[in-house]
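Written out below as C-alpha cells is the structure these notes cover.
The shown structure was predicted, so the numbers you read here are calculated from the model rather than taken from an experiment.
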Amino acid sequence: MIANVLLLIVGFALLVKGADYLIDGSVAIARRFGVSELFIGLTIVAFGTSAPELAVSVKAAIDGSGIAIGNVLGSNVANVALILGATAIIQPLRISTSTIAKEMPFVILSTIAAGMLLLNGTMGLNRYDGVVLLCFFAIFVDYLFSMAKNDREIGITEGKGISHLEHKMPLAILATLGGLAGVVFGSDLVVNSGINLARSFGVSDTLIGVTLVAFGTSLPELVTSITAGIKKKADLAVGNIIGSNIFNLLLVLGISSSISPIQTDRDITQDIIFALISIVLLLLFSGLKRKKLGRTGGIILLAFYFIYIYLSLKAG
C-alpha cells in the first residue's frame, strides 16, 4: 500500500513537470521551423500523449483482451469531455477556424467510420477493418503535410519566442522528448495499481478499459492540455486533444486490429454514441461562442463525462 502511494506521488510529479517541459519545447520547435502551434499539437504532442493508448491497446490485442477497444473509446470521451471541459473551466480556449472547419469534422467522420466497423455485427475489428482505419489515417497524414507546407509559406510566427529554448534547438528537442517521457511514464505509474485493484474485484476488461485505463492513459493529454491552457497556448491544448482522438481511432485501433483481430466483452454501442456526441458538442460550443470554448461549455462537457462514467459503471 505504501509503495503504491509513493508510486502515485512520483507519477503525478512526472506528469506535471513533464507537461511543462513538453509545452515549452514544442512551442520553441514550432517557432523555429515556421509551423503553427496547432500543427505541433496535432502531431508531436498528440502522438506523444497517445503513446500510452497505443502501448496498452497493442498489448491487449496480442493478449486477446477487450481492453483495446474500450480503452480507445473511453479515452476519446475523456479527451473531449473531461480534459477540454476541465481546461476550459480553468482557462477558456480560443478555437481556430481550421480546427472548427476541418479537424473536428474529420474526428466526427473517423468516429462514425470506426463505429460502423465495430458495430458491423461482430462487436470487434478484424484485420481488414484495421487496414481500412489505417487508410483513413494516411489521409490525415497527407492533410498534415499540406498544413505544414501552408504554415511555412505563410511564415507563421505566433508571438515572441521562448528565449532560453527557441534559439537552442538541442535543448528544445531534449525538453520535448524528456517531457513526453515524463508524462508517459508518469501516467503508467499512476494507472497500474488501479488496474490490479479493479481486476481483483472481478471488473470486466472492457469496463476497465472504458473507465480506469481510459482515464489513466488520458492523463498525459489532461495534464498537457491544462498546462497549455494555463500558458495561454490554446492551439496546443486543442490540437493535442483533436490529434490524440484521431490517432486513437485510426492508428491505435488500426495497428491493434491489424496485428490481431480484437473483440469486446461487453456492448460498446453506448461508448461509440458518447464518443460521437462529445465531439459534436465541442463543435457546437466552439461555433456558438465565437470560436471559443468558454467556462459554460466546459461545465457542460464535464457533466457529460460524469454521466458517461455513471452509465458505464451501471451497465457493468
Side-chain angles (χ1 to χ4, degrees), residues 18-19 21-55 72 75-76 79-80 83-84 87 93 95-107 109-110 133-158 162 165-166 169 172-184 217-218 220-225 227-229 231 233-255 279:
Y21 280 117
L22 173 58
I23 296 302
D24 285 354
S26 297
V27 171
I29 290 173
R31 290 171 178 166
R32 175 65 177 80
F33 289 100
V35 295
S36 63
E37 291 175 10
L38 176 60
F39 174 80
I40 294 296
L42 286 167
T43 53
I44 296 174
V45 180
F47 181 75
T49 56
S50 286
E53 282 93 340
L54 181 60
V72 163
S75 288
N76 278 20
N79 283 350
V80 175
I83 297 172
L84 284 185
T87 303
L93 299 169
I95 313 295
S96 72
T97 303
S98 167
T99 300
I100 295 173
K102 297 177 181 178
E103 286 93 42
M104 287 188 194
F106 192 82
V107 177
L109 289 174
S110 299
L133 292 175
L134 290 175
C135 287
F136 272 96
F137 183 71
I139 295 172
F140 177 63
V141 171
D142 181 67
Y143 166 71
L144 290 176
F145 277 118
S146 298
M147 175 187 280
K149 181 180 178 182
N150 185 56
D151 285 348
R152 286 193 294 270
E153 288 176 351
I154 294 173
I156 295 288
T157 54
E158 300 177 344
I162 299 173
L165 286 179
E166 187 177 356
M169 272 300 99
I173 294 171
L174 182 62
T176 303
L177 295 178
L180 276 175
V183 295
V184 171
T217 54
S218 289
E221 288 92 341
L222 175 63
V223 179
T224 300
S225 291
T227 303
K231 289 175 177 283
K233 302 297 177 184
D235 278 347
L236 269 176
V238 177
N240 173 31
I241 296 305
I242 297 299
S244 289
N245 277 22
I246 293 173
F247 275 102
N248 288 346
L249 286 167
L250 304 181
L251 185 65
V252 174
L253 284 184
I255 290 178
I279 189 66

Exercise. For the atom pair CD1 (Ile95) and CE (Met104), what is the distance rounded to the nearest 0.5 Å?
Worked result: 5.0 Å

Problem set entry | Qualifying residues under side chain to side chain contact (heavy atoms under 4.5 Å, CB included), relative to Ala228, sequence neighbours excluded | Ile23, Lys233, Leu236, Ala237

Exercise. Would a 4.5 Å heavy-atom cut-off, applied to side chains only, mark Ile255 and Leu134 as touching?
Worked result: yes

Seminar exercise, completed: Distance col, row Ser36:OG vs Leu42:CG, nearest 0.5 angstrom, shows 7.5 Å

Exercise. To the nearest 0.5 Å, how far apart are CZ in Phe136 and CD1 in Ile246?
Worked result: 12.0 Å

For this session: Sequence neighbours left out, what passes ring-ring contact (aromatic ring centres under 6.0 Å, His included) with Phe247? Give chain and number order.
Result: Phe47, Phe137

Exercise. Between Asn79 and Ser244, which heavy-atom pair has the shortest distance, and what is it?
Worked result: ND2-CB, 3.9 Å

Exercise. Could you give the distance from CD1 (Ile241) to CG (Asn76), rounded to the nearest 0.5 Å?
Worked result: 9.5 Å

Exercise. Of the non-hydrogen atoms in Leu93 and Gly229, which two are nearest, and what is the gap between them?
Worked result: CD2-CA, 4.3 Å

Problem set entry | Thr97: partners by side chain to side chain donor-acceptor pair (under 3.5 Å), with sequence neighbours left out | Lys291

Exercise. Which residues satisfy the salt bridge (Lys or Arg N to Asp or Glu O under 4.0 Å) test with Lys231, sequence neighbours excluded?
Worked result: Asp20, Asp24

Problem set entry | Under the side chain to side chain donor-acceptor pair (under 3.5 Å) test, residues paired with Ser26 that sit two or more places apart | none

Seminar exercise, completed: For Pro105 and Ala101, the nearest pair of non-hydrogen atoms, with its separation, is CG-O, 3.4 Å

Exercise. Taking side chain as C-beta onward, heavy atoms only, is Phe145 less than 4.5 Å from Lys149?
Worked result: no

Exercise. Would you call Phe106 and Leu250 a side-chain contact if the rule is heavy atoms closer than 4.5 Å?
Worked result: yes

Exercise. If you look at every heavy atom in Ala175 and Gly25, which pair is closest and at what distance?
Worked result: CB-CA, 4.2 Å

Exercise. Of all heavy-atom pairs between Phe39 and Thr43, which one has the smallest distance, and what is that distance?
Worked result: O-OG1, 2.7 Å

Exercise. Distance from Leu222 atom CG to Thr87 atom OG1, nearest 0.5 Å?
Worked result: 6.5 Å

Problem set entry | Qualifying residues under side chain to side chain contact (heavy atoms under 4.5 Å, CB included), relative to Ile173, sequence neighbours excluded | Ile29, Leu177

Problem set entry | Non-hydrogen side-chain atoms of Asn240 and Ile83 separated by less than 4.5 Å | no

Exercise. Mind checking whether Val238 and Glu103 have side chains closer than 4.5 Å, heavy atoms only?
Worked result: no

Seminar exercise, completed: Hits for side chain to side chain contact (heavy atoms under 4.5 Å, CB included) against Ser96, two or more places apart or cross-chain, chain-then-number order -> Leu38, Ser98, Thr99, Asp235

Seminar exercise, completed: Sorted by chain and number, sequence neighbours left out, side chain to side chain contact (heavy atoms under 4.5 Å, CB included) with Leu109 holds for none

